[in-house]
Amino acid sequence: MAQPPAPPPCPRCGRQAGPGSGAFCPWCGRYLSALDWVATPPDPAALPDSLRPRPPDAAPGRYTGPPRYRSVPRWGLPVGPWRMPAVAFDGDPAGPSTALDRVRWLAGQLVPVLWVVVVMSLVAAAAEVWRYALLLESRSDALSPVAVAWSDAMVWFGGWSSVAAVIAAGLLTISWSLWSYRAAADRARTRPWRSRRRIIAGWLVPGWNLAAPGSLLAETEHAALGLPADRRPAPSREILVWWVLWAACVLLAGLALVGRFRTGTQALADGVVVHAWADAVAAVAAYRTIRVVRWITGLLEPEPRGPRELLVRTGPVASAPTPPDAPAAGTPLAARTRPAARTPLVARNPLAARPFQSDPLSEPQPDPQPDPEPDPGPDLQPDPPGSAVPGSPLSDPAPGPAADPAPDPDRRPG
């Protein structure tokens with residue numbers, strides 16, 4: 001007869017039990033038999049319909065190639081990537097794009113170019129100032145060829161780079177003004193009276209470009225603010241400052257262009273001064289243009305809908321009277337939250353003197369001792385016994401020990 005196999009060593013004490021010793025360790029009592037977990041699949045008939053295995057699908061048929069048409073189909077997808085449909089500020093779909101979308105896109109392209117104009121104009125102005133300083137130095141001493149070469153290089157680089165940046169910024173500014181004027185008219189629900197050609201001519205025609213751009217931006221701002229259409233547009237301070245700088249830039253550019261036809265040493269020196277001023281004013285005008293573009297683009301944005309979060313700030317009221325029991329401004333918090341013990345009130349009649357009990361919130365005191373009689377001052381003398389002060393509730397009409405009677409709950413007044 002085969003003997004049962006020996007159980008495994010005890011994991012607790014490590015001793016080896018002999019065959020037939022049972023499932024527990026004879027020394028420490030630890031369970032020795034290993035558990036054998038066996039998983040059996042459930043009966044498919046006992047499962048719900050949603051968990052029963054489904055029969056495999058039929059094998060797909062043979063691929064016969066793409067669909068064929070007798071003629072070229074007229075349907076299809078648009079050329080280019082998919083774009084989210086734009087929605088106008090009134091909630092109606094506005095087709096593939098709206099004027100406000102164009103204004104946003106052009107403003108995002110125009111602002112960086114204007115910053116390039118600011119930097120390049122400042123570089124050109126610095127180069128012109130350096131050239132003028134070399135001209136002043138050449139009147140009494142010979143110039144260094146290295147300094148002259150660096151000056152010529154800076155003037156050439158600053159001049160042409162600023163011209164290229166100004167041309168790019170001008171094209172974007174004209175496009176932005178066209179679409180912002182149209183977006184402002186759509187926002188105000190009016191019909192723009194300036195045509196596209198009229199707006200472009202107002203920017204480019206000499207003489208006319210001194211007044212047309214400012215009035216165009218003033219009308220755009222007026223419509224973007226939602227002001228009445230029958231009211232005359234009044235440009236804001238931002239538009240007025242830009243208008244003055246724009247007119248100064250146009251005049252200085254024309255003066256510098258005319259000065260190039262002059263000959264002579266003094267004409268060249270005057271041309272350097274004019275170019276320096278033109279570049280400096282162009283830098284300032286480009287910066288103010290950035291502010292105007294952001295201002296008008298922000299006005300054209302739709303108003304946010306939904307709840308708004310407001311921050312309310314409260315402060316002390318100067319006209320409110322201060323209560324007599326209010327703590328002072330510099331009183332500590334402990335003194336404010338815990339009232340001080342009240343001073344006992346003493347009756348004018350020494351025989352009826354009885355101090356009131358202290359505030360229950362105050363600290364506990366030891367057994368009270370009879371309070372000494374107050375020392376009357378030179379101006380306060382105790383009244384003789386039997387005297388009564390008219391209208392004084394603390395006076396006693398007859399001498400004798402005064403004691404407050406206990407209140408009777410069943411007694412009614414009167």
- Message: Suppose the criterion is salt bridge (charged side-chain N to carboxylate O under 4.0 Å, His left out): which pairs have a residue in residues 105-116, not counting sequence neighbours?
- Response: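 Every candidate salt bridge (charged side-chain N to carboxylate O under 4.0 Å, His left out) pair involving residues 105-116 fails, so no pair, neighbours aside, qualifies.
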
- Task: Kindly state each residue pair satisfying salt bridge (charged side-chain N to carboxylate O under 4.0 Å, His left out) with at least one member in residues 202-213, sequence neighbours excluded.
- Result: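 Listed by first then second residue: nothing to list.
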
How many angstroms lie between atom [atom1] of [X] and atom [atom2] of [Y], to the nearest 0.5 angstrom?
X      : Y      : atom1 : atom2 : result
Arg102 : Ser180 : CZ    : OG    : 13.5 Å
Leu114 : Ile290 : CG    : CD1   : 5.0 Å
Leu225 : Leu300 : CG    : CG    : 9.5 Å
Leu245 : Leu252 : CG    : CG    : 10.5 Å
Leu172 : Ile167 : CG    : CD1   : 12.5 Å
Trp246 : Leu251 : CH2   : CG    : 11.0 Å

Taking all non-hydrogen atoms of both residues into account, name the closest pair between [X] and [Y] and its distance.
X      : Y      : answer
Pro192 : Ala185 : CD-CB, 3.7 Å
Ala201 : Trp208 : CB-CZ3, 3.6 Å
Ala107 : Val293 : CB-CG1, 3.9 Å
Arg187 : Ala224 : NE-O, 3.4 Å
Ala276 : Ala125 : O-CB, 3.9 Å
Ser177 : Ile199 : OG-CG2, 4.2 Å

- Message: Determine whether Ile296 and Ile239 satisfy the following criterion, side chain to side chain contact (heavy atoms under 4.5 Å, CB included), listing intermediate values before the conclusion.
- Response: CA-CA 10 Å; Ile296 296 181; Ile239 302 297; 4.3 Å; yes

Just to verify, what does [X] make a side-chain contact (heavy atoms from CB on, under 4.5 Å) with, not counting sequence neighbours?
X      : result
Leu257 : none
Ala223 : Ala184, Ala188
Leu122 : Val118, Ala283
Arg182 : Ala99, Trp179, Asp186

Beyond-backbone contact of [X] with [Y], side-chain heavy atoms, under 4.5 angstrom:
X      : Y      : result
Trp203 : Asn209 : no
Leu204 : Ile174 : yes
Arg104 : Glu301 : yes

Once side-chain hydrogen bond (donor to acceptor under 3.5 Å, both in side chains) is applied, do any residues pair with [X], and if so which ones, sequence neighbours excluded?
X      : value
Asp270 : Gln266
Glu221 : Ser236, Trp295
Thr190 : none
Thr297 : Trp176

- Does Trp277 CH2 have over 12 foreign heavy atoms under 6.0 Å away?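 No, CH2 of Trp277 has 12 or fewer neighbouring heavy atoms, counting only those of other groups under 6.0 Å.
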
- Counting N and O atoms only, with roles assigned by atom type, does the side chain of Arg231 sit under 3.5 Å from a partner on the main chain of His222, one being a donor and the other an acceptor?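 Judged by distance alone, no pair lies under 3.5 Å.
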
- State whether the side chain of Trp105 and the backbone N or O of Leu100 hold a donor-acceptor pair below 3.5 Å, judged by distance alone.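 Here the side-chain-to-backbone pair does not exist.
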
- Query: How would you list all residue pairs meeting side-chain hydrogen bond (donor to acceptor under 3.5 Å, both in side chains) that involve residues 283-293, not counting sequence neighbours?
  - Reply: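 side-chain hydrogen bond (donor to acceptor under 3.5 Å, both in side chains) check on residues 283-293 returns Glu238-Arg288, Glu238-Arg291, Trp242-Thr289.
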
- Query: So which pairs with a foot in residues 137-165 pass side-chain hydrogen bond (donor to acceptor under 3.5 Å, both in side chains), sequence neighbours left out?
  - Reply: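 Residue pairs passing side-chain hydrogen bond (donor to acceptor under 3.5 Å, both in side chains), neighbours aside: Arg131-Asp152.
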
- Message: Could you go through Leu178 and Ile200, starting from their C-alpha distance and side-chain angles, then the distance that decides it, and tell me whether this counts as side chain to side chain contact (heavy atoms under 4.5 Å, CB included)?
- Response: CA-CA 8 Å; Leu178 285 170; Ile200 296 176; 4.3 Å; yes

